[in-house]
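Taking it in order: structure first as C-alpha cells, then the write-up.
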Amino acid sequence: MAYDPTRLEEKWQRYWEQNATFRAEIDPARPKYYVLDMFPYPSGDGLHVGHPEGYTATDIIARYKRMRGFNVLHPMGWDAFGLPAEQYAIKTGTHPRVTTERNIENFRRQIKSLGFSYDWSREIDTTDARYVRWTQWIFRKLFERGLAYEAEVPVNWCPELGTVLANEEVIDGKSEVGGHPVVRLPLKQWMLRITQYADRLIEDLDDLDWPEPIKKMQRDWIGRSEGAHVRFPVLGHEGIEIEVFTTRPDTLFGATYMVLAPEHGLVEAITASDQQTEVKAYVDRAARRSERARMSNSGEKTGVATGAFARNPTNGEEIPIWVADYVLAGYGTGAIMAVPGHDQRDWEFAQKFGLPIREVVEGGNVEEAAWTGSGCATASDFLDGLETDAAKSKMIEWLESENRGAGTVTYKLRDWLFSRQRYWGEPFPVVHHEDGSIALVPESDLPLVLPELDDFKPSGENFEAPLTRVKDWIETTDAEGRRVLRDPNTMPQWAGSCWYFLRFLDPMNDEMPWSTEAENYWMPVDLYVGGAEHAVLHLLYARFWHKVFFDLGLVHTREPFQKLVNQGMILGESFRYYDDDLADEGKDSVTRYRSKDIRETDEGPVAKEDGRALKARWIQLGEVAYDDEGAPIHPQDAELELERVVEKMSKSKGNVINPDDVIRKHGADSMRLYEMFIGPLEKAAPWSTDGIQGIYRFLQRAWRLFHVGDDEQETFQAPVAGLGTDDQRRLTTQTILGVTEDLEAMRFNTAISKLMVFSRDITKDAPLPRESAEIFTLLLAPMAPHLSEEIWLLLGHEDTLAHEPWPKADESLLVEETITLIVQVNGKKRGEIEVPSDVSKKDAEQKALTVENVLKTLDGRQPKKIILVAGRLINIVG
RNA sequence: GCCCGGGUGGCGAAAUGGUAAACGCGGGCGACUUAAAAUCGCCUGGCUUCGGCCGUGCAGGUUCGAAUCCUGCUCCGGGCACCA
C-alpha cells in the first residue's frame, strides 16, 4: 500500500478512541504533567489554521511526556458563552444554544480530525448547566467574601452592542468586538474587588516561567505606584480639603497650583461666583467629549480657573485651584498638586496659562523643560540638600507627624466590572429585596438557569438587559415567600474561562467544582499555550480567581499556570489592489489601481495621480490569475498587477486556509508537521501552500523506508535484524539526542529537520537496521502519530506506541577516534586537518603549520599566538 | 512620546562567542520514462583576473575570532499612552 494518510488517520483515531488510549486517571505512583491549551470559543466559521498551531505544540509535548513516563492530563473544552451567538440570535431568531451546539459539533469534528491526544471524557462546555452551576457557586463565594459588590459606576456603554464593557474591552473609545463607539455613563453594576489582590498579582509573577514581556504587561496594567496622599485646605471653605495623590512628595514645596478633574465632587462647591459660568461650561463640555476625543489631542492642554485658592500645607502659600481634563477622575483622588518644575504635563499647563514654575530639585533647567529626574532638593526648607529618595521619606514622615497626609500606594488597576446586559451568559445567583438588600440564591437552588426567550434584542434605550422583559422569571419569591426580583444581568464571557482548568481535573463532580484529591494531584498546569492576545485579560482574571480559591483553601498553589508559551499567529498571503468605488456600489465606471500607484494618507489610500480617495480590495486566494512571468494579476484585468501582502487571515481579505482542505489533501500528520516546521512556535509566519509539499514528501520518504515496490504494488519490507553499521548507529544516536533536546526546548522546527536528515541518510550505505527503525518511529511519533502507529504495527508490535519508553542514547557511540579541526589564520578559515580526538595543542599546532595554504597565508611570519578550541578549530595568529 | 520584540540567501529559516546559511520551499542540471507526473542524485549568497575578495539593516567598538557582546542610528511588528 502506498502512504495513504486518510486511511491511516481514520484507522488510528478510531483505535485511540475505542481503546481510551489517552484516558487520564490519578496515579500517585507516577509523576503528573498537566498540559493545557487555551480552550476556543466555537465560532460559526469553524477552525482556521491558526488554532491547530498551539494545539499541535501541546499535543507533541503531551505525547512526548507520556513516553517519558509522565501521567499526562491533556483536556479540551469549549468557552461557549459569547456575543457572536447572541448577535446571530438577534438577527435570525435562532436560539444561541442551537447555534452553540452546532458550532461545538463542528469544532469537535475538526479538532478530532487532527489526531490530538485529548482525554475526551473530560470535555467541558461553559454553557452546560452542570458547569454554570459551579460558576455561580464560585460567585457566591466571591460575594460572601465581600469580593463582589454592586456599585453605581461610570461605565462604558456601547449602544450598538446594547451592553456595558470592561475597561479592558474598550480600545481607543471603541468596543474591542466590532469597533463600535462607546460612551461613558453611570450605571449600577456588579464589580469584583480585584484591586484587593493587586500586590499579590504583581509579586507572584516573579516565580512564573512566563515570557518576560507578558509579565511586564501585567505589571504595567496593574500599575502600582508608591507615593503619598496630601490634604490641602481650601481657603474660605471651613473644613473642606482637597486630597491629592503624588509619587513625588519631595516636590511639595514646588506645588504652585492645583487641578481638579472636571468630574471631581468639589468643583461646584469651591468655584467662586464670578467663575461659575465658565467652569460649568468647561465641565459640561468635558462630559460630552468622549474618552477618545479627550485623548486624541492629548498634546494641547485645556482648563479653567475656579477662582478658589488652597493652602500649601508645607509653606502656607496660597495657590490657585484649576479644573482641567488632563487630570483623570478615575485615578488617585481625581485631583493633583501641580509641580510644573518637575512634571512635564504641569509644565506645559503652566506655560500655557502663565502659572509660576519653581525649581525644587536640582539637575535640570526648569526654564526650558520640567526636570523629572532625581537630584538634590532645593528651596524646600527642611528637605534642602537631600537626595530624592531621602527627601520623599522625610516628607512622608513630616506629613504623617503633622497629620497633613500619609504615605500610600495607588494602582492603575480598577475593580473589575463584572456584569453585562446580555442574554447568553451566566445569570447572577442573587435576588434583590424590596428594601434594596441583596441575598444569595441558596446553594441547593443552583444552577439558576436562563429562561427561554424569543427576542434576544437588548432594550437599548433604558440600558436594560434582555432578561428584564422576562417578567415571570425576574419576579419571584424567596423561601419566606417575600416578593423578590432576580438580577437581569449576566456574567461576562471571562467568568467561564477563569476556572475551566480546574474543572478539567474532575469534570463530572456534582458535589464540588473539583475534588481536593484531583486538585492536589494535577495542579498546577505545567504548560499553558495560547495566543498573546490574552496577555492581560484572561490571564489576569484567572490568576485573580485562583488566588481567591487559594485563600478559600480550594487549591494548594498560589498560581495556576507555571509555564506559559504564546504561539505566534499564522498569517495568510493575500492579493491586493485598490479602486475608487468608495460606496461599494459595484458601478461600471470603477477605476482600479495597482498598489504602486497609490499613496497612504491619514484619511486612507489615495491615487498618486489625482489624489482621489480609494479603497483597498482583495482577490480571493483561489481566483488570482498569473501572467507569463508568474506575477499575480486580476482575473478579469490582465493589466492590473496585484500586490502580495502577508497579513492576518480574514474572510474579507480572501486569504483564509481551511484545515479541512489541508487534511483532505495531505493528511493530519502533514498539517501538524508543517505548522511546526515553518519556524519557532512563538513567531508569526505565513502559511505557504507549497511549503506543506515538502513535509508531505518527507512523510512519504519515511513510509518508503519500510516499503518496497512502486505506488501500485508497495509492500512492507521488514528492516534487517540488528544494530546496523557504526555510521548508522552514530546517526541514530545523534538523532535521539538532537530530537530530545529540541522537544524539551519546544524547538519543533529543528527537531523535524533532524528527522529529515535521518530519513535521508540512514540507508545511504546499508539497509535499514531494526534498531534504528524502531527508534526513528518512536522519535517521530509525538509529531506524526498516525504514520508512526502504523509503522509500529507493521514492525510487529501489538500495542499502541503511545506509552512506549522514549529511546535512550548511548553517548559512547559518538566518541570518534579522529576529528577534523578547522585551521584558521587570523580568524579566517585556511584549511582542515585530521587529528586524534584527544590531540594536544602542540601536536595540533605542528600539524596545522604543515598545511600549504596556511604557510602561504602566513607568508613567513612567525605565529604570535595559537588558540585551540577543543574539537572545533585551531586559530593561528601571525 | 514611552516600553518590549525583531531585521540573516529569491522565500520559511538554522547557527546565541568558534567553518554563516543545517532543514525545507522555489530554481537549475541529470537519471528513470515513448512522454509527463511522481521519485532519486547533484548544484543553487554576491563578485572574481579562479589566487581569492565581499557578505547576517547601517556606522563604530570589544575580541585571536562577532549574526551572536557593547554604543549610536535606522526600519518593521507588538504593547502602553495626560496614571500625577
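Here is how names work: the chains are called A, B, and so on, in the same order as the sequence lines, proteins then strands, and each is numbered from 1.
Proximity of A/Lys865 to the phosphate of B/C64: a side-chain N or O atom is located under 4.0 Å from OP1 or OP2. Considering only side-chain N and O atoms, A/Tyr326 lies nowhere under 4.0 angstrom from the phosphate OP1 or OP2 of B/A84. Between A/Lys683 and B/A13 there is a side-chain polar atom (N or O) within less than 4.0 angstrom of OP1 or OP2. Between A/Arg830 and B/G52 there is no side-chain polar atom (N or O) within less than 4.0 angstrom of OP1 or OP2.
Screening A/Phe748, A/Phe698, A/Trp687, A/Tyr696 against A/Tyr674 for a ring-ring contact (aromatic ring centres under 6.0 Å, His included) leaves a single residue, A/Trp687. A/His342 pairs in a side-chain contact (heavy atoms from CB on, under 4.5 Å) with only one of the listed residues (A/Thr372, A/Thr388, A/Val366), which is A/Val366.
Separation of the P atoms belonging to B/G65 and B/A15 is 25 Å when rounded to the nearest angstrom. Taking atom C1' on both nucleotides, B/A67 is separated from B/U8 by 7 Å, rounded to a whole Å. To the nearest whole angstrom, the two P atoms, one in B/U56 and one in B/G46, are 15 Å apart. When the P atom is compared between B/U34 and B/G26, the two are found 27 Å apart, to the nearest whole Å. If you take atom P in B/G57 and the same atom in B/G52, they sit 27 Å apart, rounded to whole Å. Atom name C1', nucleotides B/C69 and B/G18: the rounded distance is 15 Å, in whole Å. With both ends at atom P, the span from B/G24 to B/U39 equals 13 Å, rounded to whole Å. The gap from the C1' atom of B/U19 to that of B/G55 amounts to 15 Å, rounded to the nearest Å.
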Handout entry: Chi angles and distances behind the side-chain contact (heavy atoms from CB on, under 4.5 Å) call for A/Lys392, A/Arg248
Key = CA-CA 7 Å; A/Lys392 280 183 187 174; A/Arg248 293 294 301 270; 3.7 Å; yes
Problem - Trace of the side-chain contact (heavy atoms from CB on, under 4.5 Å) decision for A/Leu540 with A/Trp221 - result: CA-CA 9 Å; A/Leu540 194 65; A/Trp221 189 267; 3.8 Å; yes
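Annotation: side chain of A/Val230 is not in contact with side chain of A/Phe245 (no heavy-atom distance under 4.5 Å). Looking at A/Gln693 and A/His666, their side chains come closer than 4.5 Å, going by heavy atoms from C-beta outward.
Protein atom CD of A/Glu573 is 13 Å distant from nucleotide atom C1' of B/G10, rounded to whole Å. Separating the CG atom of A/Asp761 from the P atom of B/C40 is a distance of 13 Å, rounded to the nearest angstrom. For the pair A/Lys764 NZ and B/C42 C1', the interatomic distance rounds to 11 Å; values are reported in whole Å. B/A66 atom C1' lies 13 Å from atom CG of A/Asn875, rounded to whole Å. The distance from atom CZ of A/Arg219 to atom P of B/C80 is 17 Å, rounded to the nearest whole Å. Per the geometry, CG belonging to A/Asp250 stands 14 Å off P belonging to B/A84, to the nearest Å. In this structure, the NZ atom of A/Lys216 is 9 Å from the P atom of B/C3, given to the nearest Å. Between the CD atom of A/Gln344 and the P atom of B/G1 there is a distance of 13 Å, given to the nearest Å.
Taking 90° from 0 as the syn/anti boundary, the base of B/G51 is oriented syn. With a glycosidic angle no more than 90° from 0, B/G9 adopts the syn conformation.
A cation-pi arrangement is found for A/Lys301 relative to A/Tyr326, the charged atom lying closer than 6.0 Å to the ring centre and inside a 45° cone about the ring normal.
Using a 4.0 Å cut-off between charged nitrogen and carboxylate oxygen, A/Arg219 and A/Asp206 count as a salt-bridge pair. In summary, A/Lys847 and A/Glu845 do not engage in a salt bridge, as defined by a charged side-chain N under 4.0 Å from a carboxylate O.
Counting heavy atoms of neighbouring residues, nucleotides and ligands inside a 6.0 Å radius, atom NZ of A/Lys665 does not exceed 12 of them.
Nucleic acid contact for A/Lys828: sugar-phosphate only, since backbone atoms but no base atoms lie under 4.0 Å from a heavy atom of the residue.
With B/C64, B/G12, B/A84 as the candidates, the nucleotide lying closest to the side chain of A/Val327 is B/A84. Here the nucleotide nearest the side chain of A/Phe245, chosen from B/A13, B/C80, B/A84, is B/A84. Listed candidates were B/U39, B/C4, B/G18. Nearest to the side chain of A/Gln700 is B/U39.
Residue A/Pro686 is the one, among A/Pro686 and A/Asp742, whose nearest nucleotide of RNA chain B lies closer to the 5' end (criterion: closest heavy atom). Ranked by how close their nearest RNA chain B nucleotide is to the 5' end, A/Gly332 and A/Asp220 are led by A/Asp220.
The stretch residues 223-231 of chain A comes close to RNA chain B through A/Ser225, each having a heavy atom under 4.0 Å from the strand.
The side-chain hydrogen bond (donor to acceptor under 3.5 Å, both in side chains) search around A/Lys764 returns A/Asp761, not counting sequence neighbours. When the side-chain hydrogen bond (donor to acceptor under 3.5 Å, both in side chains) test is applied to A/Arg697, no partner is found at least two apart in sequence or on another chain.
In RNA chain B, runs of at least 3 consecutive Watson-Crick or G-U pairs, each pair with both distances below 3.5 Å, span B:1-7 with B:74-80, B:10-12 with B:23-25, B:26-31 with B:39-44, B:45-47 with B:52-54, B:57-61 with B:69-73.
In this structure a side-chain-to-backbone donor-acceptor pair under 3.5 Å is present from A/Thr306 to A/Ile321.
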Completion exercise
With sugar-phosphate taken as primed atoms, P, OP1 and OP2 and all else as base, the protein-contact string of nucleotides 19-30 of chain B at under 4.0 Å (heavy atoms; B, S, -) is B--BBSSS----
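Sequence neighbours left out, the pairs with a member in residues 747-757 of chain A that pass salt bridge (charged side-chain N to carboxylate O under 4.0 Å, His left out) are A/Asp742-A/Arg747, A/Asp742-A/Lys754.
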